[in-house]
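Working notes for the structure below.
It should be emphasised that the depicted structure is a prediction, and the values quoted were computed from it without experimental measurement. So that the names make sense, note that chain A is the first sequence line, chain B the second, and so on, each numbered from 1.
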There are 2 protein chains.
Amino acid sequence: MSERSRTNPRKSASQQRSRLTVDALLEATARILVKEGYDRASTNKVAQAAGVSIGSLYQYFPSKEALVAAVIDRHIQEMMELARDALARVRECAVETAVRELVKVMIDAHRVNPKLHRALVEQVPRVGRLENIESIDREVSELVRQYLEARRDEIGVADPAIAAFVCVTTVEALTHAAVVHRPDLLAEERADRFVDDVTRLLVQYLREPQPQRP
Amino acid sequence: MSERSRTNPRKSASQQRSRLTVDALLEATARILVKEGYDRASTNKVAQAAGVSIGSLYQYFPSKEALVAAVIDRHIQEMMELARDALARVRECAVETAVRELVKVMIDAHRVNPKLHRALVEQVPRVGRLENIESIDREVSELVRQYLEARRDEIGVADPAIAAFVCVTTVEALTHAAVVHRPDLLAEERADRFVDDVTRLLVQYLREPQPQRP
DNA sequence: ACATTATGTGAGCGGTAGCTCATATTGTGT
DNA sequence: ACACAATATGAGCTACCGCTCACATAATGT
């Protein structure tokens, strides 16, 4: 076993209990960010809330920033998974179907952990390693651009890059604002209308540009 | 003069030099927020940069939060002035003219002090008195809703409140993102196309809903 | 069973943050 | 000229922050 163990990476970089420690720390960080905000989320408090010593915290995270960055990464992963899946699913669909599906998915993505999402967006300063919250947009923009380019005949916008930017920024802003600030718009009965509106907004934009009237 | 001075508010709540002190503090705070971020903007540093003693700072602002809130208020006032003026100006205009004008104005508003705007949005935690950055949207939404309601015959959306929310959120997000993250889209020659795109996006949305094709 | 490594502990260090207060300086009305 | 209010000063207090380190305990390989 000696030779194989040297060539192969170790089965797990850590024993099980260390994974538990890390998990507890991430959960506690998220909880405290939501409940108390970034400023008041001291490392000592996080460690205590996680039921872990402050020393252990610094064994896995070299700084407070790294700790919060890990929480952000994890949260982004969860949201991106939904988005990536959806984008793959609609690659062959017509524009309207695709847009509607993506709008729905983005709403769901913002509902994965809306309180944490809000805390991350509103509390955590976008500096250094912490500016990744916006990296979603960049990756999604690229995927959407590819989709639009493949369907160039079906859409009427001159520059797919601008169109992708417009679509992604708009959907992100509307779904975020709706989930965070206007949950009433997403209540059972009204939700469909909201999705319809956003879908129409984008589909009409993507179709032929309406000729200027004299 | 004794009687009049008791009934009327004092001509100025402060002597001139105190106004200068307050101004210096606000300017310094803005400068440091931009250059160093919220975390590193300590009250001592702000006072020093303003050329004012720390004691004076606390004579006018009871806390760091209040100081930053004052900077936010002042910045919002500057942006809102543009927006309010524009809304008043286009109240009687047709939808397309109005939307185009408002898009332009929102770009200008974000250009009033883009670095400060970015710092306020990205660095300052939205807690307590500090959550006012978003109050712009609320006031503007209401004004837009009124406009849309007055032109109900010209537009095809069922719920003016939803439409106002969609329009305001979209314009704010697109202009903000463009100014802050994609200044290339606003370069001399391309800017018009961007304005056209955003205008078209909204105007088509506001017009008659396109009947579903079978 | 034992040596070795992985993991966990928490008292406490250096530093800085926000903020106070006793005192000094400047402006104002008479 | 003088009294009194308005304004300005900055040394220094408390509190907590992020973080380290010398040591203890648990798991692993042989």
[Y]/[X] salt bridge by N-O under 4.0 Å criterion:
| X | Y | result |
| --- | --- | --- |
| E27(A) | R31(A) | no |
| D197(B) | R190(B) | no |
| E96(A) | R100(A) | yes |

Rounded to the Å, how far apart are [X] [atom1] and [N] [atom2]?
| X | N | atom1 | atom2 | value |
| --- | --- | --- | --- | --- |
| K64(A) | dT16(C) | NZ | C1' | 14 Å |
| Q16(B) | dT26(C) | CD | C1' | 14 Å |
| R40(A) | dA17(C) | CZ | P | 17 Å |
| Q59(B) | dT25(C) | CD | C1' | 13 Å |
| D39(B) | dT16(C) | CG | P | 15 Å |
| R19(A) | dG8(C) | CZ | C1' | 17 Å |
| L25(B) | dT9(D) | CG | P | 10 Å |
| L20(A) | dA27(D) | CG | P | 11 Å |

Checklist entry - Is the number of heavy atoms from other residues, nucleotides or ligands under 6.0 Å of Q48(A) CD greater than 12? => result no
Checklist entry - Does CD belonging to E101(A) count more than 12 external heavy atoms closer than 6.0 Å? => result yes
Checklist entry - Do any of residues 41-55 of chain A sit with a heavy atom less than 4.0 Å from DNA chain C, and if so which? => result V52(A), S53(A), I54(A), G55(A)
Item to check | Residue closer to the 5' end of DNA chain C, S56(B) versus R17(B) (nearest nucleotide) | outcome: S56(B)
Checklist entry - Aromatic rings H176(A) and H110(A): how do their planes relate, parallel, tilted or perpendicular, breaks at 30° and 60°? => result perpendicular
Checklist entry - Which residue pairs pass the side-chain hydrogen bond (donor to acceptor under 3.5 Å, both in side chains) test when at least one of the two sits in residues 77-87 of chain A, sequence neighbours left out? => result Q77(A)-R84(A), R84(A)-E139(A)
Checklist entry - At under 4.0 Å, does any side-chain N or O of S18(B) touch on OP1 or OP2 of dT7(D)? => result yes
Item to check | Per Y58(A) side chain, nearest of listed nucleotides dT20(D), dT20(C), dT7(C) | outcome: dT20(D)
